[in-house]
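In what follows, chains are A, B, ... by sequence order, proteins preceding strands, each numbered from 1.
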Protein chains: 2
Amino acid sequence: MFSIGQLSKRTGVKIPTIRYYEQMGLIDEPERSEGNQRRYTKDGLSRLSFIRHSRDLGFSVEDIRGLLDLSQHPEKPCSDAHSIAAQHLQDVQSRITKLRRLERELKRITKCDAGNVATCAVIETLADHGLCETEH
Amino acid sequence: MFSIGQLSKRTGVKIPTIRYYEQMGLIDEPERSEGNQRRYTKDGLSRLSFIRHSRDLGFSVEDIRGLLDLSQHPEKPCSDAHSIAAQHLQDVQSRITKLRRLERELKRITKCDAGNVATCAVIETLADHGLCETEH
DNA sequence: CTTGAAGCTCTAGTGGCTAGAGGAATTATA
DNA sequence: TATAATTCCTCTAGCCACTAGAGCTTCAAG
């Protein structure tokens, strides 16, 4: 049996976040001590690790709800899990593409070495979209 | 003079967002018509464009506050603008790095072609961090 | 002068937490 | 065993950058 603090240390999920997940229904309400403190089992620990890991990979809480549900039903086909993951992969890739464009633009405008704001490329570019090299 | 709707169309910023920026103090309160509707000048238009453009580049509202302030003082050295932009560039770059790692991991786990959840790599990987190839 | 679009203010909700108040329980030390 | 230090409890509110909706008023075209 783990206290919430121990669970937090083992998983790297902060205490208020664990309580938040409980509220959102991602983890079951655990047993309580005589004094009403949460007491977790190994199962609780592994479920929380699953959640933590999924969050690290950027899945939304809703996605995780689906993935957790699937993981409880080993007999189901895994195509559902795949479509969640594949969709998420697409999201990640499109975010990367956008950020790469930003990066290029930011690199370009931070090269400016003007002395003051009047001729500064950062300010100028922000004020005038036409100066941009790429779409965004 | 533009109505809020015209301003919205010209800048691509949604109407409630314009009012939100006003509330946040990013744009001045504009004049009003006799019937209390907002009426904007060209100055208002270009200020909002500046904001829109900065948001597109991913600057936070706080950053923009600083950049706007600088843009009103053309005599100031532009090193302040640079440090805001350079810091932001760093943020963007570190986000890209993280997303690239995610992408690799997601690609790997979505390659699984198992029939059901019991042996599905997506579920398995999420449950067991040890199966991951890279840090994240 | 009517009608329909566009505007107004105000409140509340989004996601995924995080912070703080004010108190109770547990654990470690004396 | 007494006390002190730490951890835990619930509850409310805040973060960012909007977005949605209710209920009302004003504007512009015909």
Side-chain angles (χ1 to χ4, degrees), chain A residues 1-27 29-40 44 47-48 50-68 84 87-88 91-92 95 98 102 136, chain B residues 1-27 29-40 44 47-48 50-68 84 87-88 91-92 95 98 102 136:
Chain A
M1 292 298 222
F2 313 107
S3 70
I4 197 168
Q6 289 167 330
L7 201 68
S8 171
K9 270 202 191 108
R10 274 166 181 263
T11 58
V13 180
K14 288 184 188 159
I15 291 173
T17 306
I18 297 175
R19 292 196 276 245
Y20 168 77
Y21 289 154
E22 184 183 320
Q23 228 183 298
M24 295 298 100
L26 282 193
I27 54 184
E29 291 185 24
E31 289 179 38
R32 299 286 183 132
S33 72
E34 285 186 12
N36 198 36
Q37 300 196 350
R38 289 168 178 83
R39 291 294 177 261
Y40 296 89
R47 194 173 168 96
L48 186 57
F50 185 106
I51 295 169
R52 167 77 214 254
H53 194 180
S54 305
R55 287 293 301 140
D56 280 351
L57 288 168
F59 288 98
S60 73
V61 164
E62 278 321 297
D63 281 348
I64 296 172
R65 207 187 292 282
L67 292 169
L68 274 168
I84 293 173
Q87 175 61 57
H88 182 52
D91 289 355
V92 167
R95 267 191 282 164
K98 275 188 199 154
L102 278 189
H136 47 245
Chain B
M1 291 297 219
F2 313 108
S3 68
I4 197 168
Q6 290 167 330
L7 200 68
S8 170
K9 269 200 192 108
R10 276 166 180 263
T11 57
V13 179
K14 290 187 186 153
I15 292 174
T17 307
I18 297 174
R19 292 197 275 244
Y20 167 75
Y21 288 154
E22 184 184 320
Q23 227 182 297
M24 295 300 99
L26 282 193
I27 55 185
E29 292 187 22
E31 287 179 40
R32 299 286 183 131
S33 72
E34 286 188 11
N36 199 36
Q37 301 195 350
R38 288 170 178 81
R39 292 293 177 260
Y40 296 90
R47 195 172 168 97
L48 186 56
F50 186 104
I51 294 170
R52 167 77 214 256
H53 194 180
S54 305
R55 287 293 301 141
D56 280 351
L57 289 168
F59 288 98
S60 73
V61 165
E62 278 321 296
D63 281 349
I64 296 172
R65 206 186 294 281
L67 292 168
L68 275 168
I84 293 173
Q87 175 61 57
H88 181 52
D91 289 355
V92 168
R95 267 191 282 164
K98 275 188 198 155
L102 278 189
H136 48 243

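The side chain of B:Thr17 approaches D:dT19 more closely than any other nucleotide in the set D:dA17, D:dT19, C:dT18. You'll find that the side chain of A:Ile15 is closest to D:dC8, out of D:dA17, D:dT10, D:dC8. For A:Arg55, the side-chain atoms get nearest to C:dG16 when compared with the rest of D:dC27, C:dG16, C:dT9. Of the listed nucleotides (C:dT18, D:dC18, D:dA17), D:dA17 has the atom at the smallest distance from the side chain of B:Ser60. Between D:dT7, C:dC8, C:dC17, one nucleotide has an atom nearer to the side chain of A:Gln37 than all others, and that is D:dT7. With D:dC9, C:dT18, C:dG7 as the choices, the nucleotide that has an atom nearest any side-chain atom of A:Ile4 turns out to be D:dC9. With C:dG7, C:dC17, D:dC8 as the choices, the nucleotide that has an atom nearest any side-chain atom of B:Ser3 turns out to be C:dG7.
Rounded to whole angstrom, the span from the CD atom of B:Gln6 across to the P atom of D:dC27 amounts to 14 Å. Across the protein-nucleic acid pair, A:Arg39 atom CZ and D:dC9 atom C1' stand 11 Å apart, rounded to whole Å. In this structure, B:Glu22 atom CD and D:dT19 atom P are separated by 17 Å, rounded to whole Å. A straight line from CD1 of A:Ile64 to P of C:dC17 spans 8 Å, rounded to a whole angstrom. Between A:Leu48 atom CG and C:dG16 atom P there is a gap of 16 Å when expressed in whole angstrom units. Counting to the nearest Å, the C1' atom of C:dC10 and the CZ atom of B:Arg19 are 11 Å from each other. In this structure, A:Glu62 atom CD and C:dT14 atom P are separated by 11 Å, rounded to whole Å. Atom pair A:Glu31:CD and D:dC9:C1' shows a separation of 18 Å (rounding to whole Å applied).
Proximity of A:Arg32 to the phosphate of D:dT10: a side-chain N or O atom is located under 4.0 Å from OP1 or OP2. Residue B:Arg38 places at least one side-chain N or O under 4.0 Å from the OP1 or OP2 atom of C:dC8. The phosphate of D:dC18 has OP1 or OP2 within less than 4.0 Å of a side-chain N or O from B:Tyr21.
Sequence order on DNA chain D of the closest nucleotides to A:Lys9 and A:Gln23 puts A:Lys9 first from the 5' end. Nearest-nucleotide positions on DNA chain C for B:Asn36 and A:Pro16 put B:Asn36 closer to the 5' end.
Within the nucleic acid shown, B:Phe59 has no heavy atom closer than 4.0 Å to any nucleic acid atom.
Here the side chain of A:His88 pairs no donor or acceptor atom with the backbone of A:Asp63 at under 3.5 angstrom. Distance alone, capped at 3.5 Å, places no donor-acceptor pair between the A:Arg55 side chain and the A:Ile64 backbone. Not one N or O on the side chain of A:Ser8 forms a donor-acceptor pair closer than 3.5 Å with the backbone of A:Ile4. No donor-acceptor pair closer than 3.5 Å links the side chain of A:Gln87 to the backbone N or O of A:Ile84.
With respect to A:Glu62 and A:Arg65, a salt bridge is recorded, a charged nitrogen being found less than 4.0 Å from a carboxylate O.
Taking CD of B:Glu22 as the start and OH of B:Tyr40 as the end, the distance is 5.0 Å to the nearest 0.5 Å.
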